[in-house]
Amino acid sequence: MAVPLLLIASGASPAAEKYQYRVAFMPDIHFHDVYGEFADQAFTGLPNSKSGKPAIIRSMYAQLTSTRLFNENYFALRAALDDAGKQGIKWVALPGDFSDDGQPYHVRGLVKLLHEYEQKYGMRFFATPGNHDPNRPFTTPGGEEDFLGEGGKTQRIFSRGAKECQGYQGATARIKTDAGLPTICSEEMVHSGYQAIMTAMGPFGINPSPEDLYWETPYSGYGVENYSYQAAQRASDFSQRQYEICAQGTGGIYKKPGYGPCFTVADSSYLVEPVPGLWLLAVDANVYLPAADARADKPQFLGSGEAGYNSMLTHKQQTVAWMADVAQRARALNKTLVTFSHFPMVEFDNGAAADLADIFGEGKFQLARAPREDTSHALAKTGIGVHVGGHMHFNDTGVRRYADGSLLFNIQAPSLAAYVPAYKILNFTSPLEIDVQTVILKDVPRFDELFEHYQQEWDHLNAVHSPHLWNRAILQADSYYAFTNWHITELTRLRFLPEEWPEDLRQLLFSLNGEEMLIASQLNQGEYDGKKSGAAWEKARQKAQALAQKAGMKRQDFARWNGFDLAVDFYRLRNADELALQDIPTDRLHQYQLLTGALATRLSPVALKVNQHSAVEDIFRLRFGSLFAVIDKYLHGSPACHFHINVETGEMGSGINFRTEPHIQ
């Protein structure tokens, strides 16, 4: 990928030329306008004593059972943009899910905030949609049942046509139900479709700007040689950015006999050159497949959350072909090409997807969202080279080098609204080299501003003995980082363990601490009688003692952690990769590695075929042997904090040591 030098200082002499493009990537903001106003005044929120403004927020229980925070991201986004602005970042990419669910209320607040930061730091924003913005191609009824209302009770708010907000009269309504508070009906809660989202977010790359040197879509008919802003304006019109999608595959020129039903939907993809030599390729990777019962007169679509690039190759072929064409032209014209979209282009579990499916079962762990290997290969062959994605709220780096010479770096940027809260900066230091920096948000001003409302919620849940009671120790968090660490901990307890872990694995997890796991790893097949005081257990204890001593450890030290600690660490590593290492004691990591090796050497063919009649020791070896093997893969993936990549050779190397020199803002 050949690229020209960029003059950093105006009027700089050739000797002062310095090559540098710096772009920040902030996916999965899921912006919730905490201090916005409903245009219809249907809901005014809760008076907040610190801000002096009414707060419109979701409940803490809703946050702790979701993979993202709903409310505090309002403060986290501001902190991230302030940090980027102070570092001199001028270009910020938003790779999808910039809204909560495309609600007018939240989108309007986000637009206002982005314009504020344009003025404050001279930034430019470049957005591409995710599966939450829009939720479907066309506007649909929406809303949530877990806003926080008076007295710590939940407040249901829906738009017309959703839940109980059906045939009411007037612009808004209050509907009495069995819930503690009447349901509020407001059109501020609709899930906006493409036209509304593209219109609102048009100033942020989705439409051309007069200051752009170049801008195009997959459907514009001009090139660099005959570009004009007027032509770009015409190409940006919503009517010019449509394509045909059928239940079986791509329509249009790709349409095959027998395809149908087919529908015309929008594609917001674009290519922009904001400064000389830098091409930002924003791919709209949403694919909303027509539902099985869709008809020509009744268009219905599935969500795009699990479609991703697997479906792009079959149902949005024109955009994939355009990506390859852009990459070819970028090389010919000496442009630096950076591609970003919402969805990952390679598998994001460090090769552990098959292990996860074996342990937890098909359909768990969002494994359906992972691109197949043939999908990754096809995307590598487009020649784009480097892609930054989001969607999973994971911090991860995936590299694919294929025998045909194709190469793909997939950089998964984490979410500001999840553990570990961070964003990525890509710093192009030479025509072929990129330094990738991960900036963690530790101290976020005002992150605890809403805690008074959560305390009210906890008091109410406690008074009514609700099963939804959460650990109020989270309200003692002294930083935003600590708050997100509590979030992943409670999310593991309240959602992940009950919903994702098989019962036999969950029972073993809760019945054993680390020392007992080490002992269990040494049980001989068929000898264990189920008693931790029996001869077989004592024999295994002695073997565990010797194994630990040989590794320079003490068996008793393993007892400092239990199965729940293991589960939380598992999710920390899956979400944050090496960013999680600062939250897991080094000694414990070494103990995990010893258990990984101990279980790997004792997995027998019999143990690999366990069923409901299998002995406890066989179940333990299989379940925990596989579990520790996955953890080991998480610990040995590609660098994902600070690293350097060469887009021609495919080489990459780690940057500074994160454990000793974290870059935390």
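Looking at Arg68 and Asp28, their side chains never come closer than 4.5 Å, going by heavy atoms from C-beta outward. For the pair Tyr117/Arg78, a side-chain contact is recorded, criterion being any heavy-atom separation below 4.5 Å from C-beta on. Taking 4.5 Å as the limit, some side-chain heavy atom of Asn395 sits within range of a side-chain heavy atom of Lys424. A 4.5 Å side-chain heavy-atom check between Asp267 and Tyr219 finds at least one atom pair inside the cut-off. Counting only heavy atoms from C-beta outward, the side chains of Ile384 and Met345 approach each other to under 4.5 Å. A 4.5 Å side-chain heavy-atom check between Asp33 and Arg108 finds every atom pair outside the cut-off. At least one side-chain heavy atom of Arg400 sits under 4.5 Å from a side-chain heavy atom of Glu347. The side-chain heavy atoms of Leu110 and Leu77, taken from C-beta on, include a pair separated by under 4.5 Å.
Classified by interplanar angle (parallel below 30°, tilted 30° to 60°, perpendicular above 60°), the ring pair Tyr35/Phe75 is perpendicular. Ring planes of Tyr194 and Tyr288: perpendicular class, angle over 60° (limits at 30 and 60°). A perpendicular orientation is assigned to the rings of Phe394 and Phe348, their planes being inclined by more than 60° (bins at 30° and 60°).
A donor-acceptor contact closer than 3.5 angstrom is absent between the side chains of Thr319 and Tyr243. For the residue pair Asn410 and His387, a side-chain donor N or O sits within less than 3.5 Å of a side-chain acceptor on the partner. Between Asp212 and Tyr229, the side chains place no donor N or O within less than 3.5 Å of an acceptor N or O (distance only, hydrogens not considered). Residues His132 and Asp101 bring a donor and an acceptor atom of their side chains to less than 3.5 Å of each other. Side-chain contact check for His342 and Asn286: no donor-acceptor pair (N or O, by modelled atom type) lies under 3.5 Å. His32 and Arg58 share no side-chain donor-acceptor pair at under 3.5 Å.
Between Leu416 and Ala80, the closest heavy-atom pair is CD1-CB, 3.8 Å. What you find for Thr314 and Gln317 is that their closest heavy atoms are O-OE1, 3.6 Å. Annotation for Pro218 and Ser269: closest pair CD-O, 3.5 Å, computed over non-hydrogen atoms. Closest of all the heavy-atom pairs between Leu432 and Glu648 is CD1-OE1, 3.4 Å. Residue Gly161 comes nearest to Gln166 through the heavy atom pair O-NE2, 3.2 Å, listed as atom of the first residue, atom of the second, then distance. Shown here for Ala24 and Ile89, the closest heavy-atom pair between the two residues is CB-CG2, 3.8 Å.
By the 4.0 Å N-to-carboxylate-O rule, Asp82 lies close enough to Lys120 to be salt-bridged with it.
Using a distance-only test at 3.5 Å, with no hydrogens or angles considered, no donor-acceptor pair links the side chain of Asp146 to the main chain of Ala62. Between the side chain of Gln63 and the main chain of Phe70, a donor-acceptor pair closer than 3.5 Å is present. Of the possible donor and acceptor atoms, none in the side chain of Gln195 sits under 3.5 Å from a partner among the backbone N and O of Phe138. Under the 3.5 Å distance criterion, the side-chain polar atoms of Thr484 are left unmatched by any main-chain donor or acceptor of Val420. Under the 3.5 Å distance criterion, the side-chain polar atoms of Glu187 are left unmatched by any main-chain donor or acceptor of Ala171. One N or O on the side chain of Asp133 and one on the backbone of Gly130 form a donor-acceptor pair closer than 3.5 Å. Between the side chain of Arg22 and the main chain of Gln87, a donor-acceptor pair closer than 3.5 Å is present. Here the side chain of Asn135 pairs no donor or acceptor atom with the backbone of Gly303 at under 3.5 angstrom. Proximity of a side-chain donor or acceptor of Trp215 to a complementary backbone N or O of Gly205 within less than 3.5 Å is detected. Side-chain N or O atoms of His315 include one that pairs as donor or acceptor with a backbone N or O of Gly249 at under 3.5 Å.
Interatomic distance, OG of Ser415 versus OH of Tyr423, reported as 14.5 Å (0.5 Å rounding). Rounding to the nearest 0.5 Å gives a distance of 8.5 Å between CG of Leu280 and CH2 of Trp91. Here the straight-line distance linking atom NZ of Lys163 with atom CD of Glu145 works out to 6.0 Å at 0.5 Å rounding. Within the model, atoms CZ of Arg136 and OG of Ser304 stand 8.0 Å from one another, a figure rounded to the nearest 0.5 Å. Within the model, atoms CZ of Phe343 and CG of Asp284 stand 8.5 Å from one another, a figure rounded to the nearest 0.5 Å. We find the NZ-CZ distance between Lys90 and Arg124 to be 13.0 Å, quoted to the nearest 0.5 Å.
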Original post:
Is there a ring-ring contact (aromatic ring centres under 6.0 Å, His included) between His106 and Phe31 once you walk through the steps?
Top reply: CA-CA 7 Å; His106 295 314; Phe31 184 78; 7.3 Å; no
**OP:** For Leu94 and Leu114, run side chain to side chain contact (heavy atoms under 4.5 Å, CB included): C-alpha distance rounded to whole Å, both residues' side-chain angles, the deciding distance at 0.1 Å, then the answer.
**Re:** CA-CA 11 Å; Leu94 307 176; Leu114 296 181; 3.9 Å; yes
**OP:** Determine, step by step, whether Phe428 and Val386 satisfy the side chain to side chain contact (heavy atoms under 4.5 Å, CB included) criterion, reporting the C-alpha distance in whole Å, the side-chain angles of both residues, the deciding distance to 0.1 Å, and the verdict.
**Re:** CA-CA 12 Å; Phe428 292 80; Val386 179; 5.8 Å; no
Subject >> Verdict with reasoning, Gln240 to Arg234, per side chain to side chain contact (heavy atoms under 4.5 Å, CB included) >> reply: CA-CA 8 Å; Gln240 302 302 307; Arg234 291 191 293 271; 6.0 Å; no
**OP:** Begin from the C-alpha positions of Ser239 and Asp237 and carry the test side-chain hydrogen bond (donor to acceptor under 3.5 Å, both in side chains) through to its verdict.
**Re:** CA-CA 5 Å; Ser239 65; Asp237 188 86; 2.5 Å; yes
**OP:** Run the numbers on Phe147 and Met189 for side chain to side chain contact (heavy atoms under 4.5 Å, CB included), then give the verdict.
**Re:** CA-CA 12 Å; Phe147 281 89; Met189 284 293 104; 3.8 Å; yes
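Summarising the local packing, CD of Gln328 is surrounded by 12 or fewer heavy atoms from other residues, nucleotides or ligands at distances under 6.0 Å. The neighbour count for Lys364 NZ, taken as heavy atoms of other residues, nucleotides or ligands under 6.0 Å away, is above 12. For Lys112, the NZ atom sits in a loose shell: 12 or fewer heavy atoms of surrounding residues, nucleotides or ligands are nearer than 6.0 Å. Within a 6.0 Å radius of CD in Glu37, no more than 12 heavy atoms belonging to other residues, nucleotides or ligands are found.
Of the residues listed (Tyr222, Tyr227, Trp322), the one engaging Glu216 in a side chain to side chain donor-acceptor pair (under 3.5 Å) is Trp322, and it is the only one.
Taking the six-membered ring for Trp and the full ring otherwise, Phe204 and His115 have centroids separated by under 6.0 Å. Aromatic ring centroids of Phe340 and Phe126 lie 6.0 Å or more apart.
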